[in-house]
Amino acid sequence: MQSYSILAKYYDRLMGDFDYDGYIDFIKDYVKGEGIDLACGSGEITVRLAKAGNKMIGIDLSGEMLNVATVKAKSMGLDIKWICQDMLDLELSHKIDFATCVCDGINYIKKDDLATLFAKVRQNIKDGGIFVFDISSSYKLKKILGDNLFCEDYDDITYIWQNTLKKDCVDMDIDFFEKIENDIYRRIEESHRQYIHEREFIQSLIEKNWDFEVFDGEKFSSPTSKSKRLLFVLKTK
Ligand SMILES: C[S@@+](CC[C@H](N)C(=O)[O-])C[C@H]1O[C@@H](n2cnc3c(N)ncnc32)[C@H](O)[C@@H]1O
């Protein structure tokens, strides 16, 4: 079953509480020049970085999410290159200044593939380049999302989001009920798998080739054991 297909249509609305402006405010001094936004989704970060004067590329596995991003950028008059591709296959024609991967993109990468991802990013950015990414923390995935059930009910769409905590991941099964007309709803299912990555493991993968700092990705301050999002800011060594 595909991820981010029906969800693409409602993603921005359902992400209403994600502080994209605060995030950009925090990272904007690190990222300048030509950049790529990995797992860019509907392009909320990509368009903000483009609006700030950066030359941007957005890459995502989901064509539906990229359609939303394309329409959004066009409506703002922004010239952004969108690529529908697995970020593990990243291969640019020239080296760029920075990469970002915001709001869980890294949680979609299996533990065994993380080293490949960091190597790919390093190969495609210049010496002195920056890689900013975040993860939903192991604390959040195990203790908050875990085996829990979430739902939201709007006039036109209702969803039930059922999580199953496994050893190294959380499986997320979402049932959408989309209003067709009056009392008629269409049921559509989507499944996602987010991998649990421990902070120490990520650090062990990056410390050889990158200098880095880690922040709480919601408060933009020092992380604690209960931080829900960990934000890593890397600079090539
Ligand atoms: C939670 S969304 C985040 C989207 C966006 N970065 C944001 O901040 O709103 C995760 C995105 O990761 C994308 N994704 C998952 N695995 C991917 C992969 N291997 N390569 C590229 N994109 C991927 C999904 O299609 C989805 O758009």
Side-chain angles (χ1 to χ4, degrees), residues 1-28 31 35-52 54 56-73 80-92 98-121 124 131-137 140-141 144-145 150 159 161 163 169-172 174 190-197 217-218 220 228-232:
M1 197 178 298
Q2 255 196 309
S3 300
Y4 292 100
S5 83
I6 174 74
L7 181 53
K9 194 169 158 191
Y10 298 103
Y11 183 80
D12 284 349
R13 200 180 340 153
L14 302 179
M15 288 294 286
D17 60 347
F18 191 89
D19 184 11
Y20 287 107
D21 289 332
Y23 206 106
I24 288 289
D25 253 11
F26 184 72
I27 68 170
K28 68 176 186 305
V31 291
I36 186 158
D37 188 21
L38 304 170
C40 64
S42 65
E44 284 292 306
I45 287 289
T46 337
V47 297
R48 281 171 172 78
L49 288 172
K51 265 164 77 179
N54 300 293
M56 292 304 300
I57 305 165
I59 177 171
D60 200 278
L61 208 46
S62 158
E64 289 90 342
M65 290 293 264
L66 286 179
N67 285 342
V68 176
T70 306
V71 170
K72 190 181 291 173
I80 296 172
K81 182 175 177 186
W82 303 105
I83 306 173
C84 192
Q85 196 189 50
D86 192 325
M87 60 180 149
L88 287 168
D89 297 329
L90 181 66
E91 197 156 344
L92 299 173
F98 69 88
T100 51
C101 187
V102 174
C103 189
D104 299 352
I106 300 285
N107 293 102
Y108 285 85
I109 302 295
K110 285 184 196 155
K111 188 176 179 188
D112 288 351
D113 288 333
L114 278 180
T116 305
L117 179 72
F118 291 123
K120 285 273 177 183
V121 175
N124 283 280
F131 182 24
V132 174
F133 67 87
D134 67 52
I135 52 167
S136 272
S137 64
K140 175 181 170 187
L141 287 168
I144 299 175
L145 299 185
F150 301 87
Y159 72 77
W161 184 304
N163 291 336
C169 64
V170 176
D171 280 341
M172 305 171 167
I174 317 167
E190 256 197 37
S191 290
H192 296 215
R193 172 169 286 176
Q194 288 204 1
Y195 292 93
I196 300 167
H197 299 311
E218 292 179 340
F220 308 112
K228 289 185 262 177
R229 186 167 299 285
L230 295 176
L231 170 58
F232 292 75

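Everything numeric here is computed off the predicted structure, so don't read it as measured data. Just so you know, ligand 1 is whichever comes first in the structure, and atom 1 is the first atom listed for that ligand. Just so it is clear, the values below take in all heavy atoms, side chains as well, and ignore hydrogens, waters and symmetry mates.
- For K72, the salt bridge (charged side-chain N to carboxylate O under 4.0 Å, His left out) partners are D12, E44, not counting sequence neighbours.
- Inter-residue side-chain proximity for N163 and F150 is flagged as met; some heavy-atom pair is nearer than 4.5 Å.
- Looking only at atom types and distance, the side chain of H192 has no donor-acceptor partner in the side chain of Q194 under 3.5 Å away.
- Here the two rings, on Y11 and F18, have centers that are 6.0 Å apart or farther.
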Dump the pairs for me: ligand 1 N or O, protein N or O, distance under 3.5 Å, to 0.1 Å.
from, atom 1, to, atom 2, distance (Å)
ligand 1, 6 (N), A39, O, 2.7
ligand 1, 6 (N), V102, O, 2.8
ligand 1, 8 (O), V102, O, 3.3
ligand 1, 9 (O), Y11, OH, 2.8
ligand 1, 9 (O), Y20, OH, 2.5
ligand 1, 19 (N), D86, OD1, 3.0
ligand 1, 20 (N), M87, N, 2.9
ligand 1, 22 (N), L61, N, 3.2
ligand 1, 25 (O), D60, OD1, 2.6
ligand 1, 27 (O), D60, OD1, 3.2
ligand 1, 27 (O), D60, OD2, 2.7

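- Looking at D60 and Y4, their side chains never bring a donor and an acceptor atom within 3.5 Å of each other.
- A centroid separation of 6.0 Å or more is found between the aromatic rings of F232 and F118.
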